[in-house]
Structures are given as structure tokens and as C-alpha cells.
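So the structure is just underneath, and the comments pick up after that.
Just so it is clear: chains get the letters A, B, ... in the order the sequence lines come, proteins before strands, and each one is counted from 1.
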Amino acid sequence: MEQEPELIARTADELVGDLNKQQAEAVQYRGAALLIGAGAGSGKTRVLTRRIAWILSQFGAWPSQILAITFTNKAAAEMRERLTALIGPVAQRMWVSTFHSACVRILRRDGKALGLKSGFSIYDSADSERLVKIIATEFNVDIKRYTPRSILGRISDYKNQLIGWRTQLAAYAPDFKPGSRGYRISNFDNVEELYAIIYAEYEHRLAMANAVDFDDLIVRTVELLRDHPDVAEYYRHKFRYILVDEYQDTNHAQYVLIRELAGVDAGESPAPTAMAAGRQGPAWITVVGDSDQSIYAFRGADIRNIQDFEEDFPDAKTILLEQNYRSTQTILDAANAVISHNEGRKPKKLWTAVGKGEPIVGYAADNAQQEAVWVASEIARLHAEENIPYSDMAIMYRANAQSRSLEEALINAGLPYQLIGGTKFYERKEIKDALAYLQAILNPADDVNLRRILNVPKRGLGARAESIVLDYARERGTSFFDALMHMEQIEGMPTRTAKGLKAFRDLMASMSAFARANITKPSEIVAEVLSKSGLLEELQKSVDPQDQSRVENLSQLQSTAAEYEQNTPDATLGGFLETTALVADSDQLPDENEDSGKVTMMTLHTAKGLEYPVVFLTGLEQGTFPHSRSLEDTSELAEERRLAYVGITRAKRRLYVTRAAVRAQWGQANDMLPSQFLDEIPDELIDWKRRETGSERMRTGWGSESDEFGGWEDDDFSSGPTFGGSPYGSSYGSRSGSNSGRWGSAASRSGSSSYGSSSRYGAHSGGTRGGKVSTRHVTPKNGGASGAKSVAVSSLQKDNGLNIADFTIGDLVTHDQYGLGKVVDTQDRGRNSVITIDFGTEGTKRLMLRVAPIEKL
DNA sequence: TGTTTTAGTATTTTT
DNA sequence: TACTAAAACA
């Protein structure tokens with residue numbers, strides 16, 4: 001075996017000396033199967049990295065014998081980093097990766113055995129959906145009734161369960177032959193048949209296109225290991241220690257993959273005296289997880305994997321880590337209380353030595369805007385009065401759609417933030433177009449990508465031209481690319497179309513020649529494609545301001561390629577495309593030791609595995625969180641509760657829980673009841689800054705004399721600021737990853753009455769606890785006349801008395817925070833006037849004049 | 001074929 | 001509301 005000179009040997013004491021008893025036991029355990037039940041914040045990453053180091057230094061294993069699997073790329077990178085610190089540069093050569101990228105690696109090497117050719121494409125869900133749509137349409141399926149997404153969802157379920165298309169076909173449509181032309185589905189009553197047929201055809205087309213989808217990465221690897229003993233043998237011999245993080249989120253296919261890789265069922269027994277995994281027998285498996293943090297069941301994660309671990313792996317050992325090093329006792333008490341409402345779980349109680357800490361702060365807002373404003377003002381206060389850095393604070397919510405009002409509030413308050421999630425960089429049109437070119441160059445058989453770019457940018461090849469080529473391809477049973485190459489033989493093609501197609505073919509040929517000549521220089525290929533294809537040119541010529549940012553995105557894509565090229569010794573185009581295919585939201589997050597200086601906003605799902613000193617959990621309402629689609633089903637509700645558990649345990653020092661009495665979802669304002677999770681937190685743990693909203697107080701009869709009548713409907717809120725034009729005009733909040741004009745305008749509602757069966761607030765008693773209460777508001781609009789507004793309103797009502805007319809471009813001003821600046825632009829919007837100021841090194845800021853802490857010089 | 005208008009529909013959560 | 005996709009029009 002090769003030498004591993006960079007391996008730093010660690011003594012036993014260095015590895016376990018500073019750990020608690022359970023942690024140390026987990027690190028040192030000798031045995032074929034270990035389950036570490038790691039409660040939130042119990043130091044599992046630490047244990048995992050130490051264990052790897054332990055295996056190397058004390059069991060005498062080689063780094064190349066270790067396979068460590070995490071859930072996200074970020075987690076993998078972090079673990080590798082920690083390992084490098086612990087054992088030296090040799091960690092760089094270990095397999096520390098996600099399920100998906102590990103499988104890509106295996107398939108790249110050995111996929112030939114399955115008929116996968118080099119350069120195979122990886123379809124993301126959008127690509128897959130396109131393909132399903134194409135098939136369904138061809139088969140005469142009513143795609144309104146059976147949406148591509150729902151069909152794909154079903155296919156994905158099959159795959160996660162390792163149910164193959166042959167099985168489904170045999171059971172429900174034995175007469176169907178994938179790839180047969182002109183097939184029409186006639187029997188819509190038998191949905192299983194419909195799914196089986198589309199599933200089979202989908203797989204057929206994927207194979208034709210030399211492509212795999214996301215789920216296939218796992219499934220096909222399992223297939224590879226099962227059907228090709230030589231390949232299985234290679235990996236079983238190679239990986240002697242397999243460690244899996246977030247085991248509660250694995251699905252059945254991933255579970256089987258682990259078993260296959262480890263060779264658990266291979267029937268080989270270890271040497272009787274083995275003190276380590278050695279050379280024979282199954283690899284040793286360590287899994288780490290927390291069944292209370294299983295939040296991906298909707299995606300096929302099977303909580304039984306972790307619950308049944310001890311039955312699944314003979315002689316398995318379980319070690320529980322229950323000491324929490326992250327949060328205060330108050331926060332843990334809340335988390336424990338909430339999760340204890342889930343039935344059928346193994347009892348577990350987190351505890352901490354940190355102490356009680358601050359109470360949880362609660363706030364009930366009248367509506368989502370007010371909730372956001374209150375959160376923003378509290379953040380500003382914590383920063384100003386308690387010196388808490390913005391980067392120590394995070395705002396979390398159930399669904400991405402909730403981020404809008406929060407963003408607006410943060411912008412108005414002038415607070416820097418970063419939003420994680422939303423539309424991902426690699427999912428944007430222009431990026432997907434560019435990537436489609438690259439993919440088509442690398443893998444010409446890839447019909448989906450080739451057809452995507454046929455007329456992008458516009459080159460006069462529309463649906464007509466496409467179908468001419470396509471018909472020919474289907475007739476001959478070849479790929480779109482093949483048909484294109486033989487287009488001269490197509491009869492009856494209009495000259496104009498032929499000309500266009502030839503030009504396209506030549507273009508692809510020339511780019512492909514360039515790519516072959518520069519295959520190790522992805523960034524140059526990207527540059528070539530962007531300019532030659534005309535993608536860049538089309539956008540540059542465009543007058544649409546959005547296209548300007550698209551140009552920037554494309555140039556960022558090129559930088560990304562260049563970066564990849566520099567960091568990867570054996571860079572290839574294919575390698576680059578892989579890195580783009582397997583990114584997740586959380587990958588956008590800055591490193592833990594890098595201070596972004598910004599408040600972080602993200603969904604609860606994205607937040608898993610992270611921690612912040614201050615956490616705001618927003619939207620705690622029935623129907624928002626727990627989500628309305630989960631209210632009916634106990635197991636889905638249990639998952640929501642686990643999500644709440646995850647959210648609560650992200651907080652280290654301070655936790656805020658907020659809700660809104662009225663929330664608009666897709667244009668409709670709805671009355672919302674408080675989340676049941678709020679009731680599940682012991683009351684004495686929460687310090688309510690505002691417990692009931694105005695309308696609730698009114699309706700329950702308390703303080704009915706108050707003049708808050710209609711006060712929840714405040715005009716000052718509903719006519720929030722409108723930032724027109726490109727969001728890039730504002731320098732607040734670099735949205736890492738997402739964007740494009742999402743914050744167009746603040747929700748301007750007037751009158752939010754919804755009609756329906758009215759039920760009183762407070763009707764918690766009954767069995768069913770509906771998501772939204774439909775109540776008819778007595779007051780249609782025109783609030784704001786009353787004097788006693790809620791506390792939070794004040795910040796929006798605030799007015800510094802400045803007048804936009806008093807400012808001209810070039811004026812000098814001072815800002816409380818940014819210092820001296822020069823006015824670059826003014827926009828007169830009356831009360832919502834906006835002023836743009838260049839603060840030099842502090843950047844150019846767009847400020848809402850009436851609240852901006854500025855002074856004219 | 002390309003552009004504009006209109007209509008319908010969608011929101012969980014993502015490797 | 002906001003985005004996408006079909007439909008209508010140029």
C-alpha cells in the first residue's frame with residue numbers, strides 16, 4: 001500500500017481526553033455496528049471526526065478505507081476541514097461526501113457495467129419533470145389531471161423503495177413495451193397502469209439519453225453492487241469503515257446501499273479474533289442520528305432505518321449522547337416539552353450544564369408585516385443595545401414564501417441580511433441554458449438538454465422544426481442528436497428550417513471540437529459557449545433590466561468554473577458539471593468561522609445542523625407551522641413537530657417565537673390561530689411581549705372597550721415601500737443564491753375579509769383544530785384612526801420629518817451608522833420616498849427617507 | 001416564428 | 001399575488 005506520510009498520529013488522550021463519558025465510549029467502540037443516538041447539540045460532529053481519527057490511529061486503518069457520508073456538501077466540507085486539522089492533509093484523500101456525490105464517483109468509475117457511458121448527464125428535478133411531461137403528452141395523458149410533478153413524485157417513491165419499472169410493468173401493464181412509437185394511454189381509470197407505463201418509458205428515455213436522475217444515483221449504484229459481484233467486491237474490500245451522519249434521514253434505497261457497500265449480507269464472516277474491521281467480513285458501520293430530527297419523510301426518508309438499527313445489524317451497540325453543549329436549559333426544556341407530544345418515540349431528555357438562561361420571548365402580531373417589523377426592530381435593538389453581531393442572529397420560517405415580508409422589514413430597518421434558499425443559482429433559466437449547452441456537448445445523446453437549447457437564443461427553430469427532427473428520430477429509434485446529424489435524409493423539410501438546423505449543428509460541432517481540445521479547462525469552455533452560442537449577446541442587447549442581472553449571473557458561472565478549475569487538480573468539464581448538479585441551499589452558507597456580518601434567513605429545513613446565539617422562529621400559526629397540509633395526518637403532524645424541535649434547538653442563548661393573527665397567502669388574507677406548538681411550550685418559559693392581538697382581544701371580549709377596533713388593519717403597513725426596478729439597486733442583503741425581483745412591492749391590502757363558516761378564536765377545545773379560521777371581519781378597511789397602536793407599529797410610523805424635496809443629487813449627508821455619504825439618487829414617492837446614498841467604503845445604500853437616520857450637511 | 005396578452009394555478013420542506 | 005404556459009395576434 002502507498003505511504004501516508006502526512007498522517008498525524010494522535011494519542012488516545014488527545015482524541016478522547018476532553019470528551020464526556022458517552023462521547024468517549026462512542027469514539028472508541030470496537031464492533032461491527034454502532035448507532036450513536038445524538039441529541040441536538042450533543043457534539044456529534046466532534047464525536048464522528050474523533051472516531052475517524054481513532055480508527056486511523058488506534059485501529060491502524062488507512063484513510064482510503066474510510067467512507068464518511070453526510071447529508072450536504074457543506075457538512076462534508078466541514079467534516080473534512082475538521083479532519084484535516086485533526087489528522088493532517090491526508091484527510092483530503094478520504095472519501096468524505098454526500099450519498100449522491102459518492103454514488104456519482106462510483107458510477108463514473110464503474111457505470112459502464114450498467115450501460116452508462118462516460119459523460120452521462122445528471123438530471124435535476126426540473127429536467128426530469130420536462131422529460132415526464134414530454135412522455136405524458138406523447139401518451140395522450142391529461143397533464144392537468146396528472147401533473148408531471150405528481151407523476152414524477154410517484155416514480156421517485158418507487159425508486160426510493162427500490163421498486164423497479166420492470167416489476168411495476170409486469171404487475172400493471174405487461175403488454176407495454178418501452179420505446180414503442182405512437183403509444184396512447186387509453187385507460188385512465190387504472191392509475192397504477194398509467195404510472196407503470198410512464199415509469200417504464202421514463203427509464204427507457206433516460207437510458208437512451210445516457211442520463212440518470214437524482215434518485216437513480218442511489219438506485220443504480222445499488223443495482224451495480226447487486227448485479228456485479230466483481231464491482232461489489234472491489235468496494236467492499238476498499239471501504240472497511242463506513243460512517244453515516246444524519247442517519248434518520250436515509251431512505252430505503254440509501255439503507256440498502258449502505259448494506260451492500262458494507263457487504264453485510266455477503267455471508268462472509270470476520271476473522272474470529274478480529275479487533276478491527278480488518279480484511280474479511282463486512283465493513284464496520286457507524287451511524288449517527290436523532291430520530292427526533294427526522295424531517296425528510298416527505299422525501300422518502302424512513303425513520304424506521306434508525307429505529308430498527310439494532311434489529312437490522314446483529315450485535316449492534318447503541319450509545320446515547322444526551323448532554324447538550326449548545327443551548328440554555330430554558331431552550332432545552334421547551335424543546336423537550338414540544339417533542340414529548342410525539343407518540344411512540346424512545347424517551348430522551350436533553351440536558352445542559354449551561355444554566356437556565358433568558359426566558360423565551362413571545363410576540364403575537366396582528367399580521368405578517370407587523371410580525372416582520374417587530375422582528376426587525378428587535379434585531380436592531382439587540383445589535384444596538386447588547387452588541388450582538390448580526391451574524392449571530394437567524395430568522396427561521398416554515399416555507400420560503402414567508403421570507404418576503406421579513407425581507408421588506410429588514411430593508412426598511414436598514415439591517416444587513418442574507419437569504420438562503422429560494423430559487424437556486426443553478427436553477428435559473430440563463431444558468432440552466434448555459435449548462436444545457438455544456439451537457440449537450442459532453443453527452444450529445446442527452447435529448448432533454450439538446451432540445452432545450454435548440455432555439456435558445458432565438459434562431460428561428462421553433463416547435464415546427466423541433467418536431468420534424470423529432471419525428472425522424474422516433475421513426476428510426478435514435479436520439480435527437482442522431483437525427484440532426486442525418487437531417488439531409490429528412491424529406492420535405494422547408495429550406496429555411498434546414499438552414500437553421502445546419503447552422504445549429506455546425507455551432508454545436510464547433511463548440512464540441514473546442515471542448516475536446518480544452519477538456520481540462522472548463523472555464524474556457526464556458527466562455528466559448530457563452531459567446532459563440534449567442535446567449536450572452538442576446539441578454540446584453542436586451543433592454544429588460546432583469547437581463548442585466550442575468551448577464552452577471554452568467555459571468556458568475558464562469559468565475560465558478562475558473563474557481564473549480566483552480567481547486568481541482570484533474571479538472572474536467574464533466575467534473576465541473578457534477579459540482580453544479582449536486583448543490584444544496586445550505587451550501588451557500590458561509591463557513592462557520594467566517595463572519596458574514598449579516599442576519600441569516602432561511603427555512604427550518606435548511607437550518608438543520610446549524611446553530612445561532614439568537615433565533616427567531618416566525619409564523620407559529622396553525623396552518624403555517626404546522627403546515628396546513630399536515631394538520632389532518634398524525635404522522636405528518638409528528639414530522640412538523642420534529643421540525644419545531646429542530647428549530648427550537650438551533651438557538652444557543654435566546655429564542656423568540658412569533659406569530660401573526662392574519663397572514664396573506666397567495667393574495668388572500670386569512671385569520672390564523674396560534675400554533676399548537678406554542679401551547680406545547682410550558683407557559684412559564686415564555687415571556688410574552690404581546691400575547692394577544694388586537695382583533696383577538698376584541699373577539700374574546702377582553703378589553704372590548706379598547707379603541708383598537710380595526711387597529712390591526714393599519715394603512716401604514718399596507719402601503720409599505722415599493723422598490724421598483726432591479727433589486728440589485730439596493731445593496732442591502734446580498735441574497736446569496738436567489739433572486740430576481742422578488743421583493744417588488746409590499747403587500748398592499750385593503751380590507752382582508754374572508755367569508756365562510758365563522759368560528760371563534762379560542763375554540764381550541766374541539767378535536768379538529770383547523771388551519772385557518774374563516775371569520776368575517778366587521779371592519780373592512782380604514783383602520784389607523786385609532787390612537788393606541790401596538791408597540792411595533794411605532795417604528796413604521798416613525799417619521800424623521802425629512803422631505804425628499806430638500807435633497808438634491810450631490811448633497812452631502814451623515815448617517816448614524818455609515819457616516820459621511822453623498823446623495824446619488826432621489827425618488828419622490830411621497831411618504832415612501834427613497835434616497836440613494838454613496839457611503840464610499842460602506843457602499844451605496846438605498847434608504848427609506850422617513851426612517852433613515854441621516855442628516856443633511 | 002416571435003411577441004404580447006390572458007388565464008390558470010400554485011406553495012411545503014430538497015439531496 | 002406572482003409566475004408560467006397556452007392562446008391570440010402581428
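For A:Asn400 and B:dT13, the shortest distance from a side-chain N or O to OP1 or OP2 is below 4.0 Å. Look at A:Thr603 and you'll find a side-chain N or O under 4.0 angstrom from OP1 or OP2 of B:dT14. Proximity of A:Lys429 to the phosphate of C:dC3: no side-chain N or O atom is located under 4.0 Å from OP1 or OP2. Look at A:Ser125 and you won't find any side-chain N or O under 4.0 angstrom from OP1 or OP2 of B:dT14. Between A:Asn455 and B:dG2 there is a side-chain N or O to OP1 or OP2 distance below 4.0 Å.
Nearer the 5' end of DNA chain B, as judged by each residue's closest nucleotide, is the contact made by A:Arg464, out of A:Arg464 and A:Ala399. Positionally, the nearest nucleotide of DNA chain B for A:Arg459 lies more toward the 5' end than for the other of A:Arg459 and A:Ser630.
Between A:Phe71 and A:Tyr296, the gap from one ring centroid to the other is short of 6.0 Å.
Screening A:Arg641, A:Gln248, A:Glu640, A:Lys608 against A:Ile295 for a side chain to side chain contact (heavy atoms under 4.5 Å, CB included) leaves a single residue, A:Lys608.
Among the atoms of the strands shown, base atoms are found under 4.0 Å from some heavy atom of A:Phe298. Residue contacts for A:Arg149: at a heavy-atom cut-off of 4.0 Å it reaches the sugar-phosphate backbone alone, with no base atom in range. No contact: A:Lys608 has no heavy atom under 4.0 Å from any strand.
Minimum atom distance to the side chain of A:His627 is reached by B:dT11, of the listed B:dG2, B:dT11, C:dA6. For A:Thr98, counting side-chain heavy atoms from C-beta on, the closest listed nucleotide (B:dG2, B:dT15, B:dT11) is B:dT15. Distance from the side chain of A:Phe214 is smallest for B:dT15 among the nucleotides C:dA6, B:dT15, B:dG2. With distances taken from any side-chain atom of A:Ala401 to the nucleotides B:dG2, B:dT15, B:dT11, the minimum falls on B:dT11.
Below 30°, between 30° and 60°, or above 60°: for A:His605 and A:Phe298 the angle between ring planes is above 60°, a perpendicular geometry. The aromatic rings of A:Phe239 and A:Trp95 sit perpendicular to each other, their planes meeting at more than 60°, with 30° as the lower class boundary.
With a 3.5 Å ceiling on both atom-pair distances, the Watson-Crick or G-U wobble partner of B:dT6 is C:dA5.
Taking atom P in both B:dT13 and C:dT4, one finds a spacing of 15 Å when rounded to whole Å.
Atom CZ of A:Arg505 has more than 12 neighbouring heavy atoms from other residues, nucleotides or ligands inside a 6.0 Å radius.
With rounding to whole Å, A:Arg130 atom CZ is found 14 Å from C:dT4 atom P.
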